[in-house]
Amino acid sequence: MTETPALIESDRFDNELSMDILKTLQADHSRHDFLDVAIPGVLQSMGGTLGGLVSQRSGKWTPECWVGEKLPFPPELVGEAFERGVTISADGWHAIPLAQPQRGGTMVGEPSPSSALVMRLADDMSRIEPAKSAPHTQPIADMLSAALHRIDTHDRNLQRIDQLSSVLRAAAQWQQLDDDEALLQRIADTATKLLHCERASIFLWDRRRKKLVGRPALGVQGKPLEVDDKAGVVGEVLSTGEAKIWNGNSDDDESRVNRTVDRSLEFQTHSLVAVPMCNPVAHFGANTKPTAHGREEIVGVFEAINRRGGSFDQSDAMLLSDLALHAAAAIHSLQTRKSLTDSRDRLVDDAASKTQLIGNHPSIDQVRKNAQKVAATDLTVLVLGSNGTGKEVLARHIHYESNRRSGPFIAVNCAALVESLLESELFGHEKGSFTDASQTRVGKFELANGGTLFLDEVGDMSPGGQAKLLRVLEDKVVVRVGGSQTIPVDVRVIAATNQPLEQRIAEKRFREDLFFRLNVVSLTLPSLAKRGDDVLMLANHFLKHFAYQIGRTVPILDANAKLMMLSHPWPGNVRELRNTMERVCYLCSGDRIGVDDLMLTGNSPLQSGGNREASFLSNAPATLSDATRIYQIAHINQAIENCRGNMTEAAERLGLHRSNLYRKMRQLGMPTSGEGA
Ligand SMILES: Nc1ncnc2c1ncn2[C@@H]1O[C@H](COP(=O)(O)OP(=O)(O)OP(=O)(O)O)[C@@H](O)[C@H]1O
């Protein structure tokens, strides 16, 4: 074997070849097509009769492009030429190594293979003094090498763009998922597909238990797969924060693979690549790693197993890292969304439980049933009832029963706003639209978007306000004061009034068209005095509420107090009852509430004074049977109280047998917890 400094005459290395190579390059050919066009010219200009470009693949020199008769070439000659970086000749064969270009920056895609030109020269060429053409062989080889490098880089960049757009597309889809398992499964599926491997799994780090938990749940006999957080390649990734590749060849340390897991899953790991999964963190500390984007906290490891038809390389690690970045973000964002949704649901449940529509009276039951039906729709509702009957409570009840319950509930008191302010309050205004409008303001309709807008005392709305409200209800868009843009709003409106709207329409003080628009469904709340025992039920509810607020034991209404409450006219309805119970809770220091503690103004049958009977009659419940029932309840309660709870004695005093007393109590709907005692 002789070292051959050059093979061709200087006049045969001409500009034509370089121009040809450049032209071929510009045509954006693939490596294969480029070689098909360029190699014959290169061979010809070097005086080769047959030969081509050979490249090293899986440790073997194999022809990538061949011209002429397919004679077997000597691979050891190529190997030596490549190793020494010079042209070598032997037995009529010549091997010219192509320089491996230096690859700067991050490596993308598969590395270019080692390549060399191999050829046999024409007989007359073989006799040429090697030294004569020395300067020309290398430039051709270098030009070829540079051209191939450019094509490879271009191909790799295209491949990278393709991969990144797949990653981005997948990441966008992950953000749509709201189930943990489905998300993890989708992430694993994406990795399996993009990395051409058999399986991919995410190991989330349980720091406290020092375990890595395999997700999606690769079940080991029904349990999630768990490995020690220091074990194997995955453990290495966790502790170093770096990607690791294991290709299962003889150089790789077999102990790095957890074969117990393989056995449990009836799986055979041949190769794997594992990368850290990180979340951005604000603080420095253990298990954080510096990255181009700051410091990140390792939350797990992403692993791809068994590359199909080959082994994993750096480009796979890079692709998996890209996926891991988006996977960690998707998992983190799902967890955040879930915890926000959970807190929101808790707050909504809490708010809903605080606005219970309390009462069992048939009239309230009916209202509740109708409310339930209407809640399932987006119909506008008109709630009618006197002051304090619970119109807002009912509106909230409808809101929390509807599928808008997670949206806002916004209440506006229309009577409290003069016309000039009402428009800005309801529809918002643009900055500078009037003298005081120093900032843009979002109106209540926009604030209630996705939820319910409660328009209280709508009957007191000014005529101008009524016209504007009607327009929004019809068009479902608002225009801010001083603005021109229409803003669509998705709002369910519940309006309430204590005004007789028909009368106001007759007096031309309320628009009839607005009335019809609002009155799609109307619900009427009866006055409290017409709700029978609900008075006591509501009273106990308020007593518990205020006693809890103050931190005292819940006081109990005595029989006369109950009777008085049942016969009180409650002109302020539930609001008055609530205020009375609040006052009692603060002012009555004993455990029992008597008539005097109630400090009710107005009349009741048990009030002291000469007009007791007259006042009872004037304020008694509407029907005789209700009045009789109320009186009987109070009388029985009083008897039981006077006998300190002794039912036999109380029955005797009432002239009844004990069992008849219980029967009577049941008939009256009274609690009979001591029965049988
Ligand atoms: N059925 C009920 N269950 C529990 N609380 C109620 C009920 N009805 C009314 N309340 C309470 O009574 C008070 C007055 O209720 P609300 O404000 O809903 O009445 P309203 O009819 O809207 O009054 P207004 O006509 O003065 O606006 C509130 O504190 C409310 O919590």
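Counting starts at 1 for both ligands and their atoms, following the listed order. Residue numbers run from 1 in the order of the sequence given.
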Next on the checklist: Check for me whether the distance between the ring centres of Tyr586 and Phe546 falls short of 6.0 Å.
Outcome noted: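 Centroid distance Tyr586-Phe546: not below 6.0 Å, so no.
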
Checklist entry - So, does Leu538 sit close enough to ligand 1 that a heavy atom of it is under 4.0 Å from the ligand? => result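 A heavy atom of Leu538 does come that close to ligand 1.
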
Next on the checklist: So for Gly385, does at least one of its heavy atoms come nearer than 4.0 angstrom to any atom of ligand 1?
Outcome noted: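 The answer is no, since Gly385 has no heavy atom less than 4.0 Å from ligand 1.
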
Taking NZ, NE, NH1 and NH2 as the nitrogens, is one of them in [X] or [Y] under 4.0 Å from a carboxylate oxygen of the other?
X      : Y      : result
Asp206 : Arg209 : yes
Glu425 : Arg441 : yes
Arg405 : Asp349 : yes

Looking at ligand 1, does any of its N/O atoms fall within less than 3.5 Å of an N/O of [X]?
X      : value
Arg531 : no
Lys391 : yes
Val393 : yes
Glu457 : no
Gln356 : yes

Item to check | Proximity winner for atom 23 (O) of ligand 1, if only heavy atoms of Glu582, Glu392, Arg575 are counted | outcome: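 Among Glu582, Glu392, Arg575, the closest heavy atom to atom 23 (O) of ligand 1 belongs to Arg575.
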
Tell me which protein heavy atom sits closest to [atom], plus the residue, atom name and distance to 0.1 Å.
atom                    : value
atom 28 (C) of ligand 1 : Arg578 CD, 4.1 Å
atom 8 (N) of ligand 1  : Gly390 CA, 3.5 Å
atom 11 (C) of ligand 1 : Val574 CG1, 3.8 Å

